[in-house]
Each structure stands twice: as structure tokens, then as C-alpha cells.
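Whatever order the structure lists ligands and atoms in, that order sets their numbers, starting from 1.
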Amino acid sequence: MERYDIVVVGAGTAGMPCAIEAVKTGARVLVVEAEPRVGGTLHVSLGQLSGAGSALQASRGIKDDAAAHMADIERINRGTGRRDILALTLPRQGATIDWLMENGFDMDPACPTVLHLHEAYREARTYWGVDGGLSVLATVAPLFGAAMAEPNAELRLATRATGLTLSDGAVSGLTLAGPDGESSVATGAVILATGGYGSNAALFARLTGGRALFTAAMPGSDGSGIELAEAAGAALRGQDLFLPTYAGVPQQDGDTRIVWRQMPSLTPQVRQPWELHLASDGSRFVREDDPSVDNREHALNATADMAFWCVFDDAVLAEAPPLLPGWTEAELAEAWATRSDFVTAPDIATLAARTGMNPEVLGRSLCHYNRAVEGAGDDPMGRAHLPRAIRGPALRAIRMRGMVLKTPAGLDVDDTLTVRRPDGTPIRGLHAVGEAIGGSTLSGRGFISGMSVTPALTLGRWLGRRLGTDAMETCPR
Ligand SMILES: Cc1cc2nc3c(=O)[nH]c(=O)nc-3n(C[C@H](O)[C@H](O)[C@H](O)COP(=O)(O)OP(=O)(O)OC[C@H]3O[C@@H](n4cnc5c(N)ncnc54)[C@H](O)[C@@H]3O)c2cc1C
């Protein structure tokens, strides 16, 4: 049986930088990746990054540090993240931005900036490349390719890790399934960089209180790394910290997959709402123009089905900036003509019948909003942007879903990123990084700008370097 110092499972956002650093130490490294290509979620991620103390911030005269970043995060998520893991990554994230820049990262000239897609930081410390996650991939993949060409490195694509072997409570090997069938390798260190479970509806339901999954995650985010560690005795955390992203429209009628290009424009700082957002019974549940996306996400999370109808009329459609700017004219025409979640109706009773909303509740929601628009009273939700009444004809409604970009629960790790059992003891030789440790470990119950991709890169590099160095000290070549 082949023996390696380190096996990195997953060649995505965290796995590639992890392997790059591990190979540099001289340790013998195997990387296994289930897909036939590397990159993982970077193929679809927006790739927004965050880091305090970067050279780019300094060049713009922005004074920022890890303590200010930590304080901002804990303000946004009310201290629901893991402070010890944040303390590991935040002081290194500025250097991660510098590392990308030194290796040719195609930074958007607008960065660093304050971003409003997620609850805004108080400092300009969000960055992204001109091609989003693909810009990160374009920088990291060549470095990874060069590392895999070293004599102490091996990459097996289309090869899935299927199980962990333990001896005396410590990891001693891994079973694999690849193009040549099943095999086993021996190793004292496995790093699970396998991502989240945003494409595994059953696991999502188990870890999120039975909720239905609407998702933009990559199909490879199947939670298999989490499941194989669980089978080896690992504990999970973060099951209570789910929050949906506000909000998406599935690509196909009746489907659960959402593509980012087709996301509705629901950020008031980018486009003020002209529509009403109504819960499935027709009631208001949110102040649509609330500048805090965190408030809107929590309001959606509190609804029974994490779904709402975006209700407007033909006049709004004609006057307002586009609600679905990423859809082509042809896609929209087809959706209005054929889809059950794009509804038109001549009047309130028909709209209620076609959407399942309660006609009285729907009527009341429209009536109170229209009165506020006409100055005859305050909007019941405290909404300030009241551009025009919604009366039809025709009335229109589009079904929107609370959705998943990253999954909150994951493997419980200690502050060396060693996976723990439910009794808190470490499983020696088993490590995890990236979304496999749960999105909530760093973001808590919230969405913190850049706090998935950047820690995946940063802690991936840190872990690879540390375990590689340990391996070489234990068994020098
Ligand atoms: C549409 C979208 C937009 C996003 N935008 C942002 C953003 O702007 N900023 C941000 O910080 N975060 C963002 N995120 C989240 C972020 O991109 C992910 O959390 C992060 O990229 C995950 O990195 P990872 O290394 O943990 O997993 P991945 O990059 O998904 O890599 C995991 C790899 O492991 C492989 N794998 C899985 N199981 C196995 C197995 N059993 N054996 C072998 N290989 C396996 C997979 O095939 C995959 O290649 C976004 C997510 C989505 C879906």
C-alpha cells in the first residue's frame, strides 16, 4: 500500500493552497479530487475576499487591522462565530490578499471597498477579482499545478475518498474510489477540504431542522467529507446557525437549483424595492427596503417555508429598474408564459387563487401599503421607499426562495483544525478546513463579506505548512 505524509481530500478553494504549502515543506503529499477538474466552488463563487492590513489597503491610506475586523464581524453576527478560529485566520487574511496580488490576481479596481450585498463592514476591506471566483482560480491553479509537478506530490482526479481507517483512535489511512476501482492508501494525516453540503438535500434537511433546500452550490458540495468523518466518530457543530440568503428564483419551474446570474436585485443600496414581499399567506413579513440585509434574512428565516411572493403590477414593471436584471427578454417572456411561479392576474381574488395566498390577507397587505403610498397612513412595516401604489391591472407575482450559498454546520475542530469527537477529544491525524468546518464557524449566524473564500485560502495554507513541517520534523528525508 502506498504511504503518504499527508493526504488532502478535495482540490478546491482550501485544498489547493493547502497542498501548495505542504509540498513546499518536502513532505510526501497526495491530493484526491472527486471531480475530473480542480477548483471546487471557485467555479461559481463570487470570490469576494476580506482581509485587514493588506498592502492594497495601505496604498489607499486605509488603516485597518485584525482586531477591527474581528469587532466588525462580532457586531454583525452578534458573536455567534468561533472566536478562536477567527483569531487564527483574521491576522493572516491581509497577507492572503497580498499573496494573491503577488501572483498576478486580477483585482477589480474598485477594491478594497465596503460591500452591501452582505451586512456592510465599517471599513473598506472587501475585495474581488474581475471574474469573481474564477479570478482566484486563475491565480491559485497554476501554483497548484506547479506544486503537483514536484516529485513529492501526486494528484488523483476523478478519485473520491470513501472512508477513513483508524488504528488506536488515530487516522492511519483512507479508502478511495477512482477510475481504476477501489484502493487504499496509508497516511498519518488526512485533511478534509471537501467543502459543504449545499447540494445534498437529505443532509441539509438533517442538519437544518428539516428545511427544504434551494441552492446555488456546486454539485460537488455533497457533504461526503463530513459524512465520512462522522462515520469515523467526528462531532458536528453549527446545526442551529442556519440563515438563508435573501433570495433566489430557481432556474427552472419546480426545480431547486439557482444560478447567480439570475438572482433578483433585492439589495436596497443597489435598487430600491418597488414591489411588496408577501409571505405564502399574503401577509407582510419584512420591511422590503430595510438597509440591513441581516434583518431581512432573519425575517425570512422566521417564516415557515422560507419563501415569499414578490408582488407588483404592470405599471411597476414598466417604470421600475429591472427586478431580474440577469434574465434575457426571451427568458422572461417564457417564464411569464409558462411558469407556475411567475403569475399574472387581473385582480386580487384571481392572484390569490393562482398563488395560494389568502385573498383577504393579500387584499389587506396591498390596501395598507397603497394607503401609505398615498400619504393616508404609515406603512405597517415602516417602509420608507413608497414609489407607487400597486393596483393592477394586471397584478403580478414571482415566487422567491430563501437559499443556500454556503452551509452552516460542519466538522467540529479544535484551534489547530484537528477534528474532535463529541466528547471534545481530538481524532489524531484528522484535520478539516474550508466549508467542511461549517460556514458558521467563522460567520456565525450571518453572512460576513469574504469570510468563506478568504479563510479557506488562509487556513488552507496555514494547515498545509504546519502539517508538512510536522511530518518533516518527525521523519526528515
Ligand atoms: C454562488 C456562490 C457564491 C459565493 N460567493 C462567495 C463570496 O463571494 N465570498 C465568500 O467568501 N464565499 C462565497 N461563497 C462560498 C464559498 O465560495 C465557499 O464556501 C468556498 O469556496 C468553499 O471552499 P472549500 O474549499 O471548502 O470547498 P470547495 O471549493 O467546494 O472544494 C471542495 C472540493 O472537494 C471535492 N470533494 C468533495 N467531497 C470529496 C470526496 N469525498 N473525495 C474527494 N473530493 C471531494 C469537491 O469536488 C471540491 O472540488 C459562495 C458560494 C456560492 C455557491
Open item on the list: For a 4.5 angstrom cut-off between non-hydrogen side-chain atoms, does Thr256 reach Leu213?
Closed with: no

TODO: Mark yes when over 12 heavy atoms from residues, nucleotides or ligands other than Gln269 sit less than 6.0 Å from its CD; otherwise mark no.
DONE: yes

- [ ] Classify the angle between the aromatic ring planes of Trp336 and Phe342 as parallel (below 30°), tilted (30 to 60°) or perpendicular (above 60°).
- [x] perpendicular

TODO: Report yes or no: does Val38 have a heavy atom closer than 4.0 Å to ligand 1?
DONE: no

Task: Of the listed options Glu33, Arg37, Arg156, His43, closest to atom 46 (C) of ligand 1 (non-hydrogen atoms) - done: Glu33

TODO: Determine whether the side chain, the backbone, both or neither of Met451 has a heavy atom under 4.0 Å from any heavy atom of ligand 1.
DONE: backbone

Task: Ring-face cation contact, Tyr121 with Arg125, 6.0 Å cut, 45° max - done: yes

Open item on the list: Quick check on Met218 - does any of its heavy atoms sit under 4.0 Å from an atom of ligand 1?
Closed with: no

Open item on the list: Among Gly132, Ala193, Gly40, Gly178, which one puts a heavy atom closest to atom 32 (C) of ligand 1?
Closed with: Ala193

Task: Arg237 vs Arg82 side-chain heavy atoms within contact, under 4.5 Å - done: yes

Task: Identity of the nearest option to atom 36 (N) of ligand 1, non-hydrogen atoms only, from Leu176, Thr194, Thr159 - done: Thr194

TODO: Please could you name the atoms of ligand 1 that Gly450 approaches to less than 4.0 Å, counting only its heavy atoms?
DONE: 11 (O)

Open item on the list: Under 4.0 Å from a heavy atom of Ser224: which atoms of ligand 1 are those, numbered in the order shown and with their elements?
Closed with: 38 (N), 39 (C), 40 (C), 41 (N)

Task: Under 3.5 Å side-chain donor-acceptor pair for Ser292 and Glu119 - done: yes

Task: Geometric class of the Phe204/Tyr197 ring pair [parallel <30°, tilted 30-60°, perpendicular >60°] - done: tilted

Task: Distance-only polar pair, side chains of Thr215 and Arg257, donor-acceptor under 3.5 Å - done: no

Task: Which of the ligand 1 atoms, numbered from 1, are nearer than 4.0 Å to a heavy atom of Gly434 - done: 26 (O)

Task: For atom 21 (O) of ligand 1, the option (of Ile258, Thr13, Val31) bearing the nearest heavy atom - done: Thr13

TODO: Go through ligand 1 atom by atom and flag the ones less than 4.0 Å from a non-hydrogen atom of Gly195.
DONE: 26 (O), 27 (O), 32 (C)

Task: Qualifying side chain to side chain donor-acceptor pair (under 3.5 Å) pairs with a residue from residues 94-106, counting only residues at least two apart or across chains - done: Thr96-Thr458

TODO: Just need the protein heavy atom nearest to atom 26 (O) of ligand 1, so name the residue and atom and give the distance.
DONE: Glu435 N, 2.7 Å

Task: Identity of the nearest option to atom 12 (N) of ligand 1, non-hydrogen atoms only, from Pro455, Ala436, Ser452, Ala161 - done: Ser452

- [ ] Select the closest option to atom 10 (C) of ligand 1 among Val453, Leu49, Val259, Val8, judged by heavy-atom distance.
- [x] Val453

